[in-house]
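These notes concern the structure reproduced below.
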Amino acid sequence: MTTLKLHNTKTRKREVFTPIDPNNVRMYVCGPTVYDRAHLGNARPVIVFDVLYRLLRHVYGADHVTYVRNFTDIDDKINARSAQSGRPIGQITDETTQWFLDDMAAVGALEPDHMPRATQYVPQMIAMIEDLIAKGHAYAAEGHVLFAVDSYKAYGALSGRSVDDMIAGARVEVAPYKRNPMDFVLWKPSDADTPGWDSPWGRGRPGWHIECSAMAFDLLGPHFDIHGGGNDLMFPHHENEIAQSCCAHPASGFADVWLHNEMLQVEGKKMSKSLGNFFTVRDLLDQGVPGEVIRFVMLSTHYRKPMDWTQSKREEAEKTLRKWYALAITQDAGAPDDVLIGLLADDLNTAGAITHLHKLAGAGDAAGLRAGLRMLGMMGDLMPEWAAQAAFDLTDYEAFLSDARVTAMETKDFSHVDRIKAMLTHAGVQVKMSKDGVILTPTADFDADKLEVL
RNA sequence: GGCGAGUUGGCGGAGUGGUUACGCAGCGGAUUGCAAAUCCGUGUACAGGAGUUCGAUUCUCCUACUCGCCUCCA
């Protein structure tokens with residue numbers, strides 16, 4: 001069996017992965033808060049953990065992996081969006097959830113086995129909060145319930161911070177009802193205009209962190225294998241999840257392995273609305289960037305390194321995929337080879353895997369290339385339309401150019417041929433002329449309108 | 001200030017205690033009416049300093065720089 005190694009944030013080491021139960025390898029990844037389109041950065045963890053999901057299924061069997069990714073549909077950002085737009089919350093979250101699923105499918109992500117929504121797990125959250133209060137790890141105050149960080153000695157272990165350091169950092173919300181400034185909210189009261197559920201502490205809504213703890217517990221149990229997410233979630237979200245779950249289920253240990261992907265940048269800078277380089281996955285798709293190109297670019301950088309989205313990477317990825325698909329389509333996929341699996345098993349070396357695909361392509365191994373592409377979640381059973389050679393019927397132009405060329409061969413006057421060629425090139429058509437004839441291929445820049453001058 | 005990640009050739013990006021990936025671009029050649037495409041060949045790198053070692057880009061320490069988090073942002 002393949003030995004899987006993963007970099008565990010908890011220990012800051014690359015460790016051999018040993019599943020708790022090889023017949024049911026369990027993974028939880030923090031999903032989106034559904035209030036708007038997913039931006040490109042949101043796609044990174046989805047794609048990274050999708051590769052891990054595929055790898056786990058490959059190693060342990062498709063029926064022996066349980067992957068959970070939640071939808072956070074209770075959140076003050078959603079409430080704010082509703083108040084501002086006047087639209088009902090349910091409408092916003094339903095719509096946004098579907099957008100997310102559509103966009104992630106477009107970048108080749110498989111759907112997880114379970115996609116729980118926070119709104120469906122409020123009773124479990126309340127039960128967990130009650131349990132934490134009963135065990136002395138939480139307290140109710142002024143309609144809130146707060147987690148007492150002093151009650152959990154290991155608080156801060158994941159992110160390497162001590163409570164004292166964090167208080168020294170001083171940017172914590174101080175509230176009169178908090179015993180310790182670092183205590184965080186498990187439950188908070190809702191006014192009449194805010195969504196709320198009845199609870200022992202009055203009508204209110206859960207805090208963000210308890211949502212994930214409760215859903216993970218309900219679907220995966222108190223002790224499971226892998227918990228993933230972006231490294232910006234490490235603190236406070238994941239730290240708080242650990243505190244809640246470990247205190248509610250002291251003997252369990254929660255997740256064995258913590259995986260965090262690095263952030264995404266755009267042309268060397270953090271993506272932000274103020275810099276004007278903010279865009280969504282849908283924006284790219286609408287611009288005609290194929291989902292597989294997005295996926296390819298994402299996978300070309302190791303998940304624990306900052307990944308820079310640039311125009312040149314996008315173009316290079318598209319060029320490479322076109323070339324590979326043309327070769328891979330000629331044969332059915334075999335099984336992915338051991339070298340490729342070995343690379344992925346080594347802490348998800350997707351960049352190394354792509355290099356390996358370059359080698360397979362260079363060797364003309366169509367079946368191997370196709371299997372490798374499939375393993376990485378690219379190229380299904382059919383040639384993707386965007387990469388197909390004949391996206392536009394150029395046969396008339398081929399005949400036209402070919403005739404002109406035959407004439408030119410006799411007259412030795414190639415000026416007419418050169419003019420036609422220049423126009424075709426200008427329209428984004430690749431012109432290949434050889435002894436065998438003329439072949440026209442549309443490129444990424446193909447623009448049919450520019451052909452009309454002919 | 002605290003915590004963490006990173007710094008590899010023109011660009012992107014792996015990896016390794018000794019033999020200098022890979023892709024793109026470049027250069028040379030084959031081919032071509034000219035090109036393109038293709039094929040063949042080819043140059044350039046491990047932030048700086050100290051240490052460990054027979055030997056370090058790879059291990060340890062220090063410095064510099066970059067980035068992220070410390071505010072319910074993946």
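Every chain is numbered from 1, with letters handed out A, B, ... down the list of sequences.
Every residue two or more places apart in sequence or in another chain that forms a side-chain contact (heavy atoms from CB on, under 4.5 Å) with P306(A) is listed here: E262(A). D36(A) meets the side-chain hydrogen bond (donor to acceptor under 3.5 Å, both in side chains) test with R81(A); sequence neighbours excluded. Partners of D191(A) under the side-chain hydrogen bond (donor to acceptor under 3.5 Å, both in side chains) rule, at least two apart in sequence or in another chain, are T194(A). Contacts of W309(A) classified as side-chain hydrogen bond (donor to acceptor under 3.5 Å, both in side chains), with partners at least two apart in sequence or in another chain: none. Not counting sequence neighbours, the partners of D102(A) by the side-chain contact (heavy atoms from CB on, under 4.5 Å) test are Q98(A), R282(A). Shown here are the side-chain hydrogen bond (donor to acceptor under 3.5 Å, both in side chains) partners of T9(A), two or more places apart in sequence or in another chain: H260(A). Applying the side-chain contact (heavy atoms from CB on, under 4.5 Å) test to T119(A) and every residue at least two apart in sequence or in another chain returns D73(A), I74(A), R117(A), W197(A).
Taking every side-chain heavy atom of V417(A) into account, G33(B) is the closest of A21(B), G33(B), A14(B). Closest to the side chain of H358(A), out of G23(B), G6(B), A36(B), is G23(B). Among the nucleotides C73(B), A5(B), A37(B), the one closest to any side-chain atom of H39(A) is C73(B). For K319(A), whose side chain is taken as the heavy atoms from C-beta onward, the closest listed nucleotide among A37(B), C24(B), G33(B) is C24(B). Of all nucleotides listed (G23(B), A74(B), C34(B)), C34(B) comes nearest to the side chain of M433(A). Here the nucleotide nearest the side chain of K421(A), chosen from C24(B), C34(B), A14(B), is C34(B). Closest to the D418(A) side chain, of the nucleotides A25(B), C72(B), C34(B), is C34(B).
For the C1' atom pair drawn from G13(B) and C24(B), the interatomic distance equals 11 Å after rounding to whole Å. Nucleotides A25(B) and G12(B) place their P atoms 15 Å apart, quoted to the nearest Å. For the P atoms, the distance from U63(B) to C54(B) is 28 Å, rounded to whole Å. Straight-line distance between the C1' atoms of C61(B) and A56(B): roughly 15 Å, to the nearest whole Å. For the C1' atoms, the distance linking G18(B) with C46(B) amounts to 15 Å, nearest Å. With both ends at atom P, the span from U42(B) to G23(B) equals 13 Å, rounded to whole Å. U58(B) sits 14 Å from A45(B) when the C1' atoms are compared, rounded to a whole Å. Taking atom P on both G15(B) and C59(B), the two are 12 Å apart, rounded to the nearest angstrom.
Protein atom CG of L360(A) is 15 Å distant from nucleotide atom C1' of A21(B), rounded to whole Å. The NZ-P distance, from K13(A) to G4(B), rounds to 14 Å in whole Å. Here A37(B) presents its C1' atom at 15 Å from CG of L327(A), a figure rounded to the nearest Å. Rounded to a whole Å, the CG atom of D413(A) is 13 Å from the C1' atom of C34(B). Whole-Å rounding puts the L344(A) CG to A14(B) P distance at 14 Å. Spacing between atom OH of Y35(A) and atom C1' of C72(B) amounts to 11 Å, rounded to whole angstrom units. In this structure, OH of Y155(A) is placed 14 Å from C1' of C3(B), rounded to the nearest angstrom. The distance from atom NE2 of H238(A) to atom C1' of C70(B) is 16 Å, rounded to the nearest whole Å.
Taking the nucleotide of RNA chain B with the nearest heavy atom to each of R405(A) and N261(A), the more 5' of the two is matched to R405(A). Each of N42(A) and K432(A) was matched to the nucleotide of RNA chain B holding its nearest heavy atom; the match closer to the 5' end belongs to K432(A).
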What are the atom names and distances for every N/O pair under 3.5 Å that joins the protein to nucleotides 38-40 of chain B?
none

With the criterion being N/O to N/O and under 3.5 Å, what pairs connect the protein with nucleotides 59-62 of chain B, and how long is each?
none

Pairwise N/O distances under 3.5 Å, protein to nucleotides 64-69 of chain B:
| from | atom 1 | to | atom 2 | distance (Å) |
| --- | --- | --- | --- | --- |
| C69(B) | OP1 | K270(A) | NZ | 2.8 |
| C69(B) | O2' | R161(A) | NH2 | 3.4 |

Taking Watson-Crick and G-U wobble contacts under 3.5 angstrom, with | marking pairs to another strand and [ ] crossing pairs, the secondary structure of RNA chain B is written (((((((..(((.....[...))).(((((.......)))))....(((((..]....))))))))))))....
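Scanning atom types as modelled, no donor and acceptor separated by under 3.5 angstrom connect the side chain of K77(A) and the base of C72(B). In terms of polar N and O atoms assigned as donor or acceptor, the side chain of K313(A) never comes within less than 3.5 Å of the base of C11(B) in a complementary pairing. Residue-to-nucleotide contacts include no donor-acceptor pair under 3.5 Å from the side chain of T355(A) to the base of A14(B). One cannot find a donor-acceptor pair under 3.5 Å joining the base of G15(B) and the side-chain atoms of N349(A). Judged by atom type and distance alone, H302(A) does not reach the base of A14(B) through any side-chain donor-acceptor pair under 3.5 Å.
The two atoms that bring W258(A) and I242(A) nearest to each other are CZ2-CG1, 3.3 Å, heavy atoms only. Of all heavy-atom pairs between G377(A) and R295(A), the closest is O-NE, 3.4 Å. Scanning all heavy atoms of the two residues, the minimum distance from A148(A) to D183(A) falls at CA-OD1, 3.5 Å.
Listed pair T301(A) / G13(B) meets the phosphate criterion, a side-chain N or O lying under 4.0 Å from OP1 or OP2. Regarding contacts with the backbone of A5(B), every side-chain N or O of K305(A) stays at 4.0 angstrom or more from both OP1 and OP2.
In this structure, F147(A) and F184(A) have parallel ring planes: the angle between them is below the 30° cut-off, well short of the 60° mark.
With Y139(A) as the aromatic partner, R179(A) meets the cation-pi criteria of under 6.0 angstrom to the ring centre and within 45 degrees of the ring axis.
At the heavy-atom level, L343(A) lies nowhere under 4.0 Å from the strands shown.
The one candidate from N349(A), T350(A), D347(A) that meets the side chain to side chain donor-acceptor pair (under 3.5 Å) condition with Y303(A) is D347(A).
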Going by atom type alone, with no hydrogens or angles, which donor-acceptor pairs under 3.5 Å involve a side-chain atom of residues 354-363 of chain A and a protein atom two or more places apart or on another chain?
| from | atom 1 | to | atom 2 | distance (Å) |
| --- | --- | --- | --- | --- |
| T355(A) | OG1 | A351(A) | O | 3.2 |
| H356(A) | NE2 | D337(A) | OD1 | 3.0 |
| H356(A) | NE2 | D337(A) | OD2 | 3.1 |

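Taking the centre of each ring, F278(A) and H39(A) come in below the 6.0 Å mark.
Taking 4.0 Å as the cut-off between side-chain N and carboxylate O, E318(A) and R322(A) count as a salt-bridged pair.
The 12-atom threshold is exceeded at NZ of K313(A), counting heavy atoms of other residues, nucleotides or ligands nearer than 6.0 Å.
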